[in-house]
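What follows is a single structure, written as C-alpha cells, with notes after it.
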2 protein chains.
Amino acid sequence: MAEKKRATIADVAKLAGVSITTVSRVMNKNYPVKEETRQKVEKAIEELEFKPNLLARGLIHNKTQTIGILTPSIENLFFSQVVKGIDSIIKNKGYTTFLCNTEGDPQQEKLMIGNMKDRSVDGIIAINPRTNNIKSGYYELISKQIPLVIINGYNKGIRCNYVLNDGEVGTLEALRYLYDEGHRDIAFLRGLHSYSYDVKENIYKEFCKDNKIMFSEDDVLVIKDGNGLEAVEQSKATVENMLKKKDKITAIFACNDWMAVGALNAAKALKISVPDRFSIIGFDNTIISQITEPSLTTVDQNMTGLGQTAGKRICEIIKEKDKENRKIIIETKLIIRDSVNVISE
Amino acid sequence: MAEKKRATIADVAKLAGVSITTVSRVMNKNYPVKEETRQKVEKAIEELEFKPNLLARGLIHNKTQTIGILTPSIENLFFSQVVKGIDSIIKNKGYTTFLCNTEGDPQQEKLMIGNMKDRSVDGIIAINPRTNNIKSGYYELISKQIPLVIINGYNKGIRCNYVLNDGEVGTLEALRYLYDEGHRDIAFLRGLHSYSYDVKENIYKEFCKDNKIMFSEDDVLVIKDGNGLEAVEQSKATVENMLKKKDKITAIFACNDWMAVGALNAAKALKISVPDRFSIIGFDNTIISQITEPSLTTVDQNMTGLGQTAGKRICEIIKEKDKENRKIIIETKLIIRDSVNVISE
DNA sequence: TTGTACGCGTTATCAC
DNA sequence: GTGATAACGCGTACAA
C-alpha cells in the first residue's frame with residue numbers, strides 16, 4: 001500500500017549528496033567522475049531503485065529506444081515469424097518493439113504510423129503495407145521524417161528502404177514445378193491489396209504466355225482479405241466455386257499458406273482428392289503447410305531472415321551509417337511436399 | 001528533402017498571434033475560448049500540421065494513452081486472438097497497444113514490464129504470465145504501481161485483477177467426454193510453466209481418482225515450451241516416445257491445440273490411426289483444430305471474449321471506476337469434431 | 001477571456 | 001571533477 005513514488009534523479013542526487021549533473025554522468029558514463037563519488041551515487045541509485053524516465057530523455061533527444069512494427073495481421077504465422085526475426089536482432093541493441101496491427105486497412109496504417117511518430121519511436125518497420133500507401137508517396141514522405149524499412153512492399157521510383165523476398169523467382173520456380181509435372185491448367189489465388197500479390201500475378205501471367213498456356217481472367221481468383229484468418233474461409237468459398245464451374249483446372253497456385261489451406265478445404269468439401277485430381281501449391285512455408293493432409297508443397301521465403309535483415313537495416317539507418325536507400329532481396333526456396341501430383345497425359 | 005521540423009505549440013501560438021496557453025485550451029477544450037480566437041488557432045494548427053508531442057504530455061501527466069500487452073508467444077493463434085479482442089475494445093477509447101513478446105521467459109517478462117513502466121504506459125495486460133512471477137508476489141507489487149490485468153494466470157492470496165477461462169470446467173467436460181466414450185487410459189500433455197496447465201493437471205488427477213482410473217506419473221507428459229511453435233515438435237517427440245512404451249493408452253488430453261497437433265503427428269509417424277486406435281482432444285479451438293485431419297475435438301475458451309473483457313477491465317481500472325480487485329471467469333465450451341472415437345470393450 | 005511563469009525529469013552547456 | 005542552469009514541449013495555477 002506504500003504506493004512509493006518513483007525516484008527521480010533529484011532524489012538520488014540529494015541522497016548521495018551530489019548534484020544531479022553528477023548523477024547523470026554516473027549513469028551515462030560520458031564524463032569522468034571520481035571513483036569515490038561514483039560509488040556513492042551508485043549506492044543511492046540502488047537504494048532508491050532509481051530508473052531514469054524515458055519520456056524525459058526522449059523529450060531531449062527525440063529518441064526513445066523503441067522501434068515500431070506495423071503488421072496487417074498477427075494471425076498469420078508469416079508475420080509472427082518475421083516479427084520474431086526482427087526482435088532477435090534489435091533486442092540486443094537495447095531497443096524495445098512496439099507492435100501495431102492495421103488489419104490491412106490503409107487508413108489504420110496511416111493512423112498507426114501517426115501514433116508511432118507521436119510517441120517518438122526511433123524507427124518504423126512496415127510489413128506488407130498497402131500498395132497504395134507506397135504508390136501515393138506516403139511512405140516516401142514518412143521515410144524522410146523518420147527511419148523506415150518496408151518489408152515485402154515496393155514501388156518503382158519510390159525512394160525507401162526495402163527488404164523483399166524474391167517473389168518473382170519463388171513464384172516462377174513453383175509454376176515451373178507444376179508445369180514440369182504436367183500441369184497446364186493452373187489457377188491463381190491472391191488477396192486484394194498487396195505488392196507481393198501483384199508481383200506473383202505478373203509472373204503468373206507472363207509464365208502462362210511464355211509457355212503458351214491458355215488462361216482466362218477468371219483463372220485469377222481474388223479474395224478480399226489475404227492476410228488474416230478470414231483468408232481460409234474466403235479462399236475455400238472462392239475455390240469451391242471455381243472447381244464447380246471449371247473442371248479442367250488441375251492445379252492452383254495460392255499466394256500464401258492460409259489460402260492454400262482454403263483451397264484444400266474446398267477440394268475436400270467437393271470430395272476432390274488432393275493431389276490425385278487437384279494439386280495445390282502454397283507460399284511462405286509456415287508450419288501450417290506441414291500440418292495439413294496432404295502436407296503442402298510451398299515456397300519458403302525465409303521469414304526469419306526477412307525480419308533479421310530488416311532489423312539490422314533499421315539499426316544502420318538510425319545510426320546513419322548509411323544514408324542511401326537500399327533494396328535488399330532475400331532468396332526463396334521451393335519446398336516439395338505432398339500436395340502436387342504428376343499428370344500423365 | 002525539406003526535412004521540416006515538427007511544429008510545436010509555440011509555433012502555433014506565434015502564427016495565431018496568441019499565447020501557448022490559449023492554444024492548449026483550444027486543443028484540450030477544457031477552458032472557454034472566444035470563438036474568434038478558436039478559429040484562428042485551429043487554422044494555425046491545420047496549417048502547421050501541428051500534433052502535440054505525447055512525450056511532453058506524458059511527462060506531465062504520467063499518462064501516454066498506451067496500454068502494454070505482454071504475451072509469451074505471438075506464434076500461437078490463441079494469443080493473436082486474445083490480442084485482437086483487447087485491441088477491439090481499447091482502440092475505441094483512444095489507446096494504442098504496445099505488444100511485447102517474452103518467449104515465456106520469466107526474466108524477459110520482468111524486463112519487458114520494466115520497459116513498459118519506463119515508457120509510462122497507462123496500464124498492462126499480461127497474458128499467460130509465468131506462474132512463479134505471480135506466486136512470488138511480483139505481479140501484486142506491479143499491480144500497486146500501475147493498472148494491471150492478468151489473463152489466464154492466478155494464484156490464491158495474490159491480490160490482482162484476473163480474467164480467466166474456466167479451465168476447470170473445460171478440462172472436466174473434455175475428460176468426461178472421453179470417459180463417456182469408453183476411454184479409461186488417458187494421458188495428459190502439458191507445458192512446463194503456466195497456471196493454466198497446473199489447473200488442468202489438477203483436474204486431470206482428481207478426475208482419475210474420482211473415477212477410479214489407474215494412472216501413473218508418467219501418464220503426465222510435460223514439454224518445455226508449451227506456447228510457441230516448438231510445442232509441436234516437442235509434443236510429437238514426447239508422445240511418440242510414450243506410444244511406443246505404453247500401448248494401452250487410448251486417448252490423450254493436450255493442454256492446447258499445438259500440443260494436440262504434435263500428438264497427432266506422433267500417431268501418424270507410428271502409423272497409429274486417429275481416432276480409430278488413439279483419440280486426441282485439444283484446448284483453445286484455434287483455427288488449427290479445424291485444419292488437421294482428422295479435425296480436432298477441442299475446448300473453446302472464447303479467446304476474443306477473454307481479450308475484450310480484459311480490455312474493458314483495464315480501462316475501468318485506469319479510470320479508477322473500480323478500485324477493488326476482481327476475478328472474472330469466462331466460460332468454455334467443448335467442440336466435438338473428429339479426433340475422438342468410441343471405445344467398445 | 002487571455003497571458004505569464006513554473007513544473008514535469010532528464011541531458012547539455014558552460015562555468016568554476 | 002563538479003555544479004548551476006537552460007533547454008526539450010506541453011499543461012496549468014495564478015494573475016490580469
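Below, chains carry the letters A, B, ... as their sequence lines are ordered, and counting in each starts from 1.
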Q | Qualifying residue, where the test is side chain to side chain donor-acceptor pair (under 3.5 Å) with B:Tyr139 and the options are B:Arg159, B:Lys144, B:Lys110, B:Glu109 | A | B:Glu109
Q | Modelled atom types, side-chain donor and acceptor of B:Ser24 and B:Thr21, under 3.5 Å | A | no
Q.
Students should find this one: the first and last nucleotides of DNA chain D, 5' to 3', lying under 4.0 Å from a heavy atom of chain A. What are they?
A. D:dG1 to D:dG9
**Q.** Distance test, side-chain N/O of B:Thr22 to OP1/OP2 of C:dG3, below 4.0 Å
**A.** yes
Q. Which pair of non-hydrogen atoms, one from B:Ile158 and one from B:Lys135, has the smallest distance, and what is that distance?
A. CD1-O, 3.8 Å
Q.
Is it the case that the side chain of A:Thr309 and the backbone of A:Gly305 share a donor-acceptor pair, with hydrogens and angles ignored and the cut-off at 3.5 Å?
A. yes
Q. Looking at five pairs on each end of the helix from C:dT1-D:dA16 to C:dC16-D:dG1, what is the angle between the two axes, given to 10 degrees?
A. 50°
Q: Kindly write out the residues that satisfy salt bridge (charged side-chain N to carboxylate O under 4.0 Å, His left out) with B:Glu42, not counting sequence neighbours, or none if the list is empty.
A: B:Arg38
**Q.** Mutual orientation of the aromatic rings belonging to B:Tyr162 and B:Tyr154 [parallel < 30°, tilted 30-60°, perpendicular > 60°]
**A.** perpendicular
**Q.** Carboxylate-amine/guanidinium proximity below 4.0 Å for B:Glu46 and B:Lys43
**A.** no
**Q.** Main-chain N/O of B:Ser120 paired to B:Thr64 side chain as donor or acceptor, under 3.5 Å
**A.** yes
(Q) Please encode protein proximity along nucleotides 9-16 of chain C as a string of B, S and -, counting only heavy-atom distances under 4.0 Å. (A) BBSBBB--
Q: Check salt bridge (charged side-chain N to carboxylate O under 4.0 Å, His left out) between B:Lys51 and all other residues, then give those that pass, not counting sequence neighbours.
A: A:Asp118
Indicate every side-chain donor-acceptor pair of residues 124-132 of chain B with a distance under 3.5 Å to a residue at least two apart or in another chain.
{"residue": "B:Arg130", "atom": "NH1", "partner": "B:Gly104", "partner atom": "O", "Å": "2.7"}
{"residue": "B:Arg130", "atom": "NH2", "partner": "B:His193", "partner atom": "NE2", "Å": "3.2"}
{"residue": "B:Thr131", "atom": "OG1", "partner": "B:Tyr195", "partner atom": "N", "Å": "3.2"}

